[in-house]
Amino acid sequence: MLRAPFEHIDPVTRSTGAALLCSILTQHLSSRQSELYSETLCWMVLPVALKIAKRPDVDKLSKGTAPSSLAAHPASASSLWVVALSIATFCIFKAENGMVGFLPALTPLFLVAQKYLKFELYTSATPNSWFSPFVNTVWGTTLVASFGIVTLTDWDLRGYALSIIPVTALLTVCIILTPKIGKGSKYLPPFDIEDAILRLSLRLVAVLIITLGVDTAVFGVSASNVAATLVLGLTKALSWYFMIHTIQHSSWLTATAIGTFSTVSTCDPFLQSSGAQALSHVITSFIALSQVIHILPKQAKAKSALWALSFVSFGPYLANILAIKIGQSSLVIHSQKHPIELLTRNAKADFEGLLQKQSKSYTAAYEEYRRRYGVDPPPGFEAWYEFATSHQSPIIDEFDMIYDGVSPFWRLSGKEVLEIISDVQNEPNSELWLCSFSGQEAKTYCSHRHRSYDRHIQFLFDRVLEDLRGVLPDAKFLVNHLDEPRVLISPRSLGRDSQGDGKFNVTNMSRQPVWDMLTKFCPSQDRKGSIQTRHTGDAFGLPFVTESTLAMDLCLHPEYSAMHGFALSPTSFQLIEGLVPILSTGSLSTMGDILYPSPAYIESEFQYADAHDVEWDKKRNNLYWAGSSTGGFAVDDQWKYYHRQRFVQLTQNLERRQHYYLQERDGVISRVKSSFLNSRLFDVAFTKIFQCERKYCRDQRAYFNVKSWADKDQAFRSRLVFDMDGNGISGRYYRLLASKSAPLKQTILREWHDERLAPWVHYIPVSQSMEELPELVVYLTSTESGQKKAREIANQGRDWFAKAFREVDLTIYTYRLLLELARLQDPDRPAWEVGTE
């Protein structure tokens, strides 16, 4: 009774349908960690399955199908070994690299081989059908394959170029297993896979076991789920079983088309970064299924039933479209109620107030300096003021960053400062450059104990100070060679009774957790609950950044200990404890580095070019980021908690976790949870996985959807561009600020420019938890008011960059910094007791 509904279906159609279903299930279950284990199990089970089961009844097939002549050919050892090694090559590639992007090319390549190697032909479907050229001709299948390859690779042909290796391996398998007219090859004669399955399996299992042994020795035991691996192995065996029975009455072209269909149809549309990409997967899977159906013998009954499998790709595609529509229907459309509107409005008012308060005369600037810091400005301050105003600097007073870096060293005399500079530079493994600036020549000379390349440190100072010959005093200073900040100053050394004893410690803390060290001088009491920030409004429980300074304060955020790569495992962290004046491009709130502009900001690689930008209306309405996995060195499984990895994991929706959104119903806004993340709004990927031990590099490549390469100007094609810390500060930040896109910035590192950049005015701040990021992106891309706000911030940041981030603005900052450093190391200056409160 159960078989009755399927009696009218031809055995070949049944086996093809089963092969399609098993291939689809295999794709859904497969993972790179379990690929080799499951393949080994598959080839252990397959001989047993083929021996127990009988062949399909050939008599029920229409007589147009040509029986195979392979039964007369005993399998040679050479053919068996080549097929075994080819299948193993394909599996190893999938285990290491994931999807085979060039897989659709297998069909036209096999047709070319069929033409020149004189394969036995079978009767194909409806030769006069309009679709026949896309099945039986090289040009037609090549056209289809090209579209399929572009779909699978998303135009990243360079990144998937190596997948031609497994495609070649499978082509070799198909060629050897296909009967030839005449005697065939003397060296690799064809054979019947079912008759030789035991001998083939023994060879293939041996190769896979050896591969697994090498893999385990190099990378350790793979952390794969045993039950899932068993199910996958059995599913693969069933897939091969039904594929073999299908091929006996059609062609290996059926297998190539089934492989393409199962690969393309199971790509999740919820993870596609564009609607066009998702639709192209549906179209490609439909074409591949059409090829499968048309390749089957024309006498095969009920082939049309296989069209039902088109819903494997079409169903999820429709579900994705519906989910996007439902999500958009509940967006907060009353802009005045959204927290972003309040944040931007108040931030703009504060920034305008700051500009209005800037000193308008030298006397005012002098008095403001006295009021802020309790001391007179350094010698040369008046000339600095004249230089700044003559170059229309919009910022005159906001240089607290220099004071914060220099003032702790006022407790040392000028002679002590010079002594400690010399002592630290001579310390082995200090990784510091000693630079001497000649005021008369406006030239900088930097030296290192063993390095010759100074990462453009000397170039920066020479470039920004070249027009100040004879203006600045001579000065010596230490510059950090590494990306990470260096200096940790004990509160005891800042006390009123402390004396400069020149003591310091250099400790290599690379590749280990450093949070306790970074925060050991934080106040013991819990300040987090006592801090009251302005302009918080009602954010409905989402952690929108309201005060960037407080957001970067490590002492207020113990949760950062498991959120940032620097805290978990810095790549190169040579910590210096003590009163040591060192210039760094970025620093943490708990550290004492003196900040200077990064040389990266004037390097050609990071310069903005208007010709490469795109007008706002022509930009894609999404968030873009592409970069490497810097930020920490992975020595264990904690890499999932590094900041860059968390960001890519979130935006690629790899964990399908719950996200928070603001929803408006009947004019009432509330926070809701949803596992849905609109992938159309995110174009995010790693382009390089490194800074990790071999095993954890491999794990990350398996976990993330990695692109091979990205044009540095690709970001300008999106309206929202993301920027975050690497090992240190991000060198691309200025390019994004200068562009016509709106930058989103996540960082815990202070930079020289922090006082002149206003969050929610020039850029959009993002918290370390990123819990607000899905709602933030949805609002800025999917609502009229949000898009207007994003464009406004993009324009404001771009205009401000042209006014306050010119090269002369770097000169103005560095000029003032050099004045402070020269006074600090003046041999006649005694130790001071100011600013100890």
Side-chain angles (χ1 to χ4, degrees), residues 401-402 404-436 446-451 454-455 457 475-495 498-522 554-555 566-567 569-596 598 632-633 725 727-729 748-752 817 820-821 824-825 831:
M401 202 67 72
I402 295 178
D404 292 340
V406 172
S407 60
F409 303 99
W410 288 348
R411 292 158 181 79
L412 302 176
S413 68
K415 289 182 180 180
E416 289 171 331
V417 169
L418 291 172
E419 288 173 3
I420 201 166
I421 286 175
S422 177
D423 292 344
V424 174
Q425 202 269 339
N426 291 322
E427 180 74 15
N429 302 316
S430 67
E431 289 295 359
L432 297 171
W433 290 86
L434 176 60
C435 297
S436 299
C446 298
S447 62
H448 191 282
R449 284 177 59 87
H450 59 86
R451 295 186 183 274
D454 70 352
R455 304 183 70 178
I457 293 171
K476 288 185 178 180
F477 45 90
L478 296 170
V479 184
N480 178 18
H481 177 83
L482 306 176
D483 293 325
E484 296 85 350
R486 305 294 301 278
V487 182
L488 196 63
I489 301 175
S490 166
R492 288 186 301 175
S493 62
L494 302 179
S498 66
Q499 294 180 351
D501 54 12
K503 291 182 179 178
F504 60 88
N505 294 314
V506 180
T507 309
N508 184 1
M509 301 198 69
S510 306
R511 306 184 185 185
Q512 59 182 289
V514 298
W515 179 261
D516 291 342
M517 178 63 74
L518 296 176
T519 58
K520 70 178 182 178
F521 297 134
C522 286
L554 303 192
C555 295
F566 185 86
S569 181
T571 300
S572 52
F573 187 34
Q574 297 280 356
L575 178 65
I576 297 177
E577 294 182 83
L579 273 174
V580 183
I582 296 174
L583 273 59
S584 294
T585 57
S587 183
L588 298 171
S589 65
T590 56
M591 300 188 72
D593 298 71
I594 300 170
L595 297 175
Y596 80 106
S598 171
F633 193 98
D725 302 331
N727 294 332
I729 62 99
I748 61 172
L749 292 168
R750 300 177 299 128
E751 291 192 65
W752 77 272
L817 174 61
E820 295 285 3
L821 292 176
L824 188 66
Q825 59 195 249

Are Arg451 and Glu431 within salt-bridge range, i.e. N to O under 4.0 Å? yes
CG on Leu432 to CZ on Arg449, rounded to 0.5 Å: 11.0 Å
For Ile421 and Lys476, which heavy atoms make the closest approach, and how far apart are they? CD1-O, 4.0 Å
Test Leu821 against Leu583 for side-chain contact (heavy atoms from CB on, under 4.5 Å), laying out the working first. CA-CA 10 Å; Leu821 292 176; Leu583 273 59; 4.1 Å; yes
Looking at every non-hydrogen atom in both residues, tell me the closest pair between Pro581 and Leu478 and how far apart they are. O-CB, 3.7 Å
With the side chain counted from C-beta on, respond yes when Val487 and Pro485 share a heavy-atom pair under 4.5 Å apart, and no when they do not. no
Could you pull out all donor-acceptor pairs under 3.5 Å where a side-chain atom in residues 508-515 meets a protein atom, sequence neighbours excluded?
from	atom 1	to	atom 2	distance (Å)
Asn508	OD1	Ser510	N	3.1
Asn508	OD1	Ser510	OG	2.8
Ser510	OG	Phe573	N	2.8

Within the 3.5 Å criterion, strictly below it, is a donor on Ser430 or Gln425 matched to an acceptor on the partner's side chain? no
Rounded distance (nearest 0.5 Å) linking atom OG1 of Thr519 with atom CG of Leu554: 7.5 Å
Distance col, row Ile402:CD1 vs Leu817:CG, nearest 0.5 angstrom, shows 5.0 Å
Among side-chain atoms of Trp433 and His481, is any donor-acceptor pair under 3.5 angstrom? yes
Run the side-chain contact (heavy atoms from CB on, under 4.5 Å) check on Ile594 and Phe477 step by step: do they pass? CA-CA 10 Å; Ile594 300 170; Phe477 45 90; over 6 Å; no
Met517 CE to Met591 CE distance, which is reported to the nearest 0.5 Å: 10.0 Å
Could you go through the side-chain contact (heavy atoms from CB on, under 4.5 Å) check for Arg750 and Leu588 one step at a time? CA-CA 6 Å; Arg750 300 177 299 128; Leu588 298 171; over 6 Å; no
For the CG atom of Leu518 and the CG atom of Asp516, what is their distance to the nearest 0.5 Å? 9.0 Å
Sequence-distant partners of Lys520, salt bridge (Lys or Arg N to Asp or Glu O under 4.0 Å), two or more places apart: Glu577
In terms of heavy-atom contacts, Ile489 and Gly578 come closest through CG1-O, 3.7 Å
I'd like to know if Asp483 and Arg455 make a salt bridge, using a cut-off of under 4.0 Å between side-chain N and carboxylate O. yes
Shortest non-hydrogen contact between Arg411 and Ala831, atoms and distance: O-CB, 3.2 Å
Compare every heavy atom of Cys435 with every heavy atom of Ile457, then report the nearest pair and how far apart it is. CG2-SG, 4.1 Å
